[in-house]
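Order of listing sets the numbers, starting from 1, for every ligand and every atom in it. All values reported here derive from a predicted model rather than from experimental measurement.
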Amino acid sequence: MEAIGVLMTCPMSTDLEAELDKRFKLFRFWKFPEQKEFLRENSNSIRAIVGNATAGADASLIDSLPKLEIISSYSVGLDKIDLVKCKEKGIRVTNTPDVLTEDVADIAIGLILATLRRICESDRYVRSGLWKLGDFKLTTKFSGKRVGIAGLGRIGSAIAKRAEAFDCPISYYSRSEKPNSKYKYHSNILDLASNCDILVVACPLTAETRHIINREVIDALGPKGVLINIGRGPHVDEPELVSALVEGRLGGAGLDVFEHEPEVPEQLFGLDNVVLLPHVGSGTWETRKAMADLVIGNLEAHFLNKPLLSPVV
Ligand SMILES: O=C(O)C(=O)CO
């Protein structure tokens, strides 16, 4: 397979790069400042793309690669890939489901605890020597709080399972009710937000779910409510979120993703009721290795004419 050209869209894992280098002819797209010229020269040798949650494959990249057969994404989310175009052109698409579910659900619970119990602020309190001047302020209990989940897929369900261990009543919103779920279903996000203390965004980003967390939803969650986002930044109308937090109309937020990441609104930096993470939901050695194995496994399966391991298209 050494002659098969694989285009990696951005830096994502040096281990994955090394493994791809061993098996394929790997092109590192980000190393070519003149990308148009690069594509003119190399488009006929590229048969696969490896993308991720930062850089996938839009219609123009797909159209510029006449020999493209498969996009193997180093992510579960597919919002950076033009799936309609792939279907039209018969290009296969794979992602990395399941292997990252536990890590992302763990980080959601971590964000809830860090936000309610002010773990990051407490840490800063100790480091800065303030403890010697007096005890830290009281914080908010997590156990027993009503947890609402937008999107009860693999990750949403894993978050629900974890929150159950904290004795939290769980409810959820999704496009349709899950027939076998024991959790309370709300057919719209506004009802969910009005009936929970902590709202967790765990759905895929689509045209339908873009800005699903808007001003109305934030106001329904209210000054004691907390928003947790481990989905995608564009699920949230970010300027509305920032103004609600600054004005005290929302109780707090724990965010792993941002609308224009890695740009983060600076108004958030001064707020102690907000915990900010640099999109690290799946960022453990164990999970990233499993994701890399899946990316390679899918490419090898495709080029050996075997069934794909995690096909989407
Ligand atoms: O896999 C994804 O889509 C991620 O965002 C990982 O955190």
Side-chain angles (χ1 to χ4, degrees), residues 8-17 19-20 49-58 70-83 86 92-112 114 149-159 162 174 200-213 227-236 238 253-264 275-299 308-313:
M8 192 182 243
T9 56
C10 66
M12 52 193 89
S13 153
T14 46
D15 291 342
L16 175 58
E17 275 178 48
E19 292 304 318
L20 288 170
I49 290 178
V50 171
N52 71 354
T54 304
D58 61 12
I70 180 167
I71 301 172
S72 181
S73 193
Y74 183 63
S75 70
V76 70
L78 293 160
D79 45 287
K80 290 276 166 65
I81 299 175
D82 192 325
L83 295 176
C86 290
R92 306 299 312 271
V93 178
T94 64
N95 66 345
T96 58
D98 300 318
V99 292
L100 48 65
T101 300
E102 291 176 341
D103 273 358
V104 180
D106 291 351
I107 212 89
I109 299 296
L111 276 171
I112 296 174
I149 302 176
L152 200 69
R154 295 180 184 88
I155 293 173
S157 302
I159 294 168
R162 283 158 176 70
S174 61
V200 186
V201 181
C203 48
L205 178 64
T206 61
E208 234 184 321
T209 63
R210 185 175 201 89
H211 285 193
I212 191 172
I213 308 298
L227 179 74
I228 302 295
N229 191 4
I230 50 82
R232 286 286 184 264
H235 279 126
V236 178
E238 204 164 71
L255 309 169
D256 185 38
V257 287
F258 300 87
E259 199 159 11
H260 307 289
E261 61 189 45
E263 298 299 326
V264 176
V275 175
L276 309 169
L277 300 184
H279 199 155
V280 290
S282 66
T284 64
W285 290 109
E286 296 88 340
T287 291
R288 290 288 167 88
K289 163 87 172 63
M291 289 165 67
D293 288 347
L294 209 39
V295 166
I296 292 166
N298 276 307
L299 290 176
L308 298 178
L309 308 180
S310 48
V312 178
V313 173

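- Partners of S157 under the side-chain hydrogen bond (donor to acceptor under 3.5 Å, both in side chains) rule, at least two apart in sequence or in another chain, do not exist in this structure.
- A search for side-chain hydrogen bond (donor to acceptor under 3.5 Å, both in side chains) contacts involving S75 returns S73, not counting sequence neighbours.
- Taking a 6.0 Å sphere around CD of E102, one finds it holds 12 or fewer heavy atoms contributed by other residues, nucleotides or ligands.
- Judged purely by distance below 3.5 Å, without hydrogens or angles, the side chains of T284 and D103 pair a donor atom with an acceptor atom.
- Residues passing the side-chain hydrogen bond (donor to acceptor under 3.5 Å, both in side chains) test with D79, sequence neighbours excluded: R232.
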Nitrogen or oxygen contacts under 3.5 Å, ligand 1 side and protein side:
| from | atom 1 | to | atom 2 | distance (Å) |
| --- | --- | --- | --- | --- |
| ligand 1 | 1 (O) | V76 | N | 2.7 |
| ligand 1 | 3 (O) | V76 | N | 3.3 |
| ligand 1 | 3 (O) | G77 | N | 2.8 |
| ligand 1 | 3 (O) | R232 | NH2 | 2.6 |
| ligand 1 | 5 (O) | R232 | NH1 | 2.7 |
| ligand 1 | 5 (O) | R232 | NH2 | 3.4 |
| ligand 1 | 5 (O) | H279 | NE2 | 2.7 |
| ligand 1 | 7 (O) | H279 | NE2 | 3.4 |
| ligand 1 | 7 (O) | S282 | OG | 3.3 |

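- In terms of modelled atom types and a separation under 3.5 Å, the side chain of K80 and the main chain of A55 share no donor-acceptor contact.
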